[in-house]
Structure formats: structure tokens, C-alpha cells
Amino acid sequence: MEFVERTVHIGKISFPYISGFFSFREGEGTIRAYQKLNHKPDLLMINACGITHPANAGFTSHIGVVLDKPTIGITKRIFCGRAKMPQKEKEAQPLYHEGTQKGWLLKVLPETKPIVITVGHLTSTRSCLDITKKCLRGNKMPEPLRIAHRCAGEEKKKRGKRGGT
DNA sequence: GCGACAG
DNA sequence: ATCTTGTCGC
């Protein structure tokens, strides 16, 4: 895995942040940034939940359907579902929602809270965990999200106080 | 009724 | 997300 390309979309937000309705706020900007890519990825890793959602389709699932691409959702805390708390480093516990497993809680680092891995679109619980593990590079968050988050921060700094990430 | 609530 | 003191590891 190596960095290939990054694109940025700057625009006015047209919908407030409402838990459960993330797509309305972040959808357009995400799609536009995606459209600017010269090299389309095989899979998208997104900082939002997938099927562990009240409607069984969070932002990560939504983007996957719109772009017809596999997606994996990574969040810092559980939105929907329940799981045992993994204790040991690299330990993963299944995340259940409405009776079935829809993701994982992965203890990436020994002294930080586990990350939440949620199935997005065209991926399985198994592939979500495998792929996420392969994207770890010694930090809590998988490398694609770390880079994207840092990129957003730099862009924001460059342009002054505006928008969210 | 109260608290919690992806980013 | 944003704000923010002190602490810890590389």
C-alpha cells in the first residue's frame, strides 16, 4: 500500500449535522472530491458508519451504493450495535446489531480505545477486518483515514476557519 | 422522562 | 466536530 493521489473539494455546507443523517451533510462534497480523482480506488474507507445504522445504511453504505464501490466504515465510537470490549492489543470483538454481526471493535493500540469497523457496501465482516488490518501502520487509525484527516486539516488551516471534515 | 447521539 | 491542560513517547 502506497499513497497515490489526493483531491479536495471546497464548498458551502447546506445541511446541519444531525446524528443519523450524515449523508445529507457530507454526501455532495465527498462525491465531488471523488470525481476529481484521476485514479479511481478499488475500495473506499470512510470515517462514518456503514450498516450499523438505525436504517441499516449509514453514510459509508450510502456512498458505496452511489459510486458502486466496496466501502468500509471506521469510527471512533459505536453508533449502533453492541460488542464486548477487546482488551488485548490487536484483539477484535464482533459488533452485533439487530441480531447479526455487522462489524468489529478492534483494539489497535494497547492504551487507546478500540476503533469501530463497520461493513459498508460490497464487503463482508471478514474482508472488512482483513483489509482494515492491512491498512494499519502503527497508528490508531488506518493509514488512508490518517492521511485524509491530515489533508483536511492542512486545507482548513490554509484557508482559514470554515467547514468540517 | 432522561440521556445519548457517526462527524 | 471544536476547545483545551497536562502528560508521555519517539
Side-chain angles (χ1 to χ4, degrees), chain A residues 6-34 43-67 69-83 85-86 89-90 92-98 100-123 125 128-129 131-132 135-165:
Chain A
R6 77 166 148 189
T7 57
V8 175
H9 170 73
I10 304 295
K12 187 173 186 284
I13 228 64
S14 59
F15 199 84
Y17 167 71
I18 301 175
S19 181
F21 298 86
F22 219 46
S23 300
F24 294 94
R25 176 183 169 86
E26 309 283 332
E28 184 183 341
T30 302
I31 296 295
R32 293 210 172 167
Y34 177 86
L43 177 149
L44 301 181
M45 185 171 276
I46 299 177
N47 185 11
C49 64
I51 61 177
T52 51
H53 182 276
N56 293 314
F59 182 56
T60 295
S61 311
H62 192 155
I63 290 295
V65 172
V66 171
L67 298 178
K69 287 280 180 180
T71 59
I72 295 176
I74 303 290
T75 62
K76 291 178 180 175
R77 50 189 188 183
I78 294 174
F79 182 40
C80 285
R82 288 194 61 171
M85 188 61 69
E89 184 176 1
K90 296 180 117 184
Q93 286 291 344
L95 173 62
Y96 297 100
H97 180 48
E98 294 183 349
T100 57
Q101 188 190 352
K102 298 186 175 179
W104 303 86
L105 231 50
L106 177 63
K107 184 80 170 174
V108 178
L109 300 175
E111 294 304 318
T112 57
K113 290 191 297 181
I115 59 172
V116 182
I117 300 172
T118 102
V119 171
H121 184 56
L122 302 176
T123 48
T125 50
C128 277
L129 182 59
I131 292 169
T132 299
C135 290
L136 296 174
R137 291 291 184 278
N139 299 105
K140 175 174 178 174
M141 294 300 273
E143 207 61 8
L145 291 180
R146 264 194 83 233
I147 293 174
H149 191 260
R150 184 170 52 70
C151 173
E154 290 171 356
E155 212 60 40
K156 197 189 298 181
K157 198 171 187 178
K158 192 188 304 179
R159 295 166 177 276
K161 297 179 179 179
R162 298 176 220 201
T165 52

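A quick note: this is a predicted structure, and the numbers were derived from the prediction, not measured. In what follows, every chain begins at residue 1, and chains take the letters A, B, ... in the order their sequences are listed.
Across the protein-nucleic acid pair, A/Leu109 atom CG and C/dC10 atom P stand 12 Å apart, rounded to whole Å. Look at CZ on A/Arg137: it is 19 Å from P on C/dC10, rounded to the nearest Å. To the nearest angstrom, P of B/dG7 lies 10 Å from CZ of A/Phe79. Note: NZ (A/Lys76) to C1' (B/dA4) measures 19 Å, nearest angstrom. For the pair A/Glu111 CD and C/dG9 P, the interatomic distance rounds to 10 Å; values are reported in whole Å. Going from atom CD1 of A/Ile115 over to atom P of B/dA6 covers 17 Å, rounded to whole Å. A/Glu26 places its CD atom 10 Å from the P atom of C/dA1, with the value rounded to the nearest Å. Regarding A/Lys140, its NZ atom lies at a distance of 18 Å from the P atom of C/dC10, rounded to whole Å.
OP1 or OP2 of C/dA1 has at least one side-chain nitrogen or oxygen of A/His149 nearer than 4.0 Å. Contact check, A/Lys156 against C/dA1: no side-chain N or O comes under 4.0 Å of OP1 or OP2.
Annotation: the span from A/Ile31 atom CD1 to A/Leu67 atom CG amounts to 4.0 Å, rounded to 0.5 Å. To the nearest 0.5 angstrom, A/Thr112 atom OG1 is 10.5 Å from A/Met141 atom CE. Annotation: the span from A/Ile46 atom CD1 to A/Thr30 atom OG1 amounts to 6.5 Å, rounded to 0.5 Å.
A/Gly73 comes within contact range of no nucleotide atom at all, as no heavy-atom separation falls under 4.0 Å.
Ring-to-base geometry places A/Tyr17 in a stacked arrangement with B/dG7 (centre distance under 5.5 Å, plane angle under 30°).
Not counting sequence neighbours, the partners of A/Arg6 by the side chain to side chain donor-acceptor pair (under 3.5 Å) test are A/Glu154.
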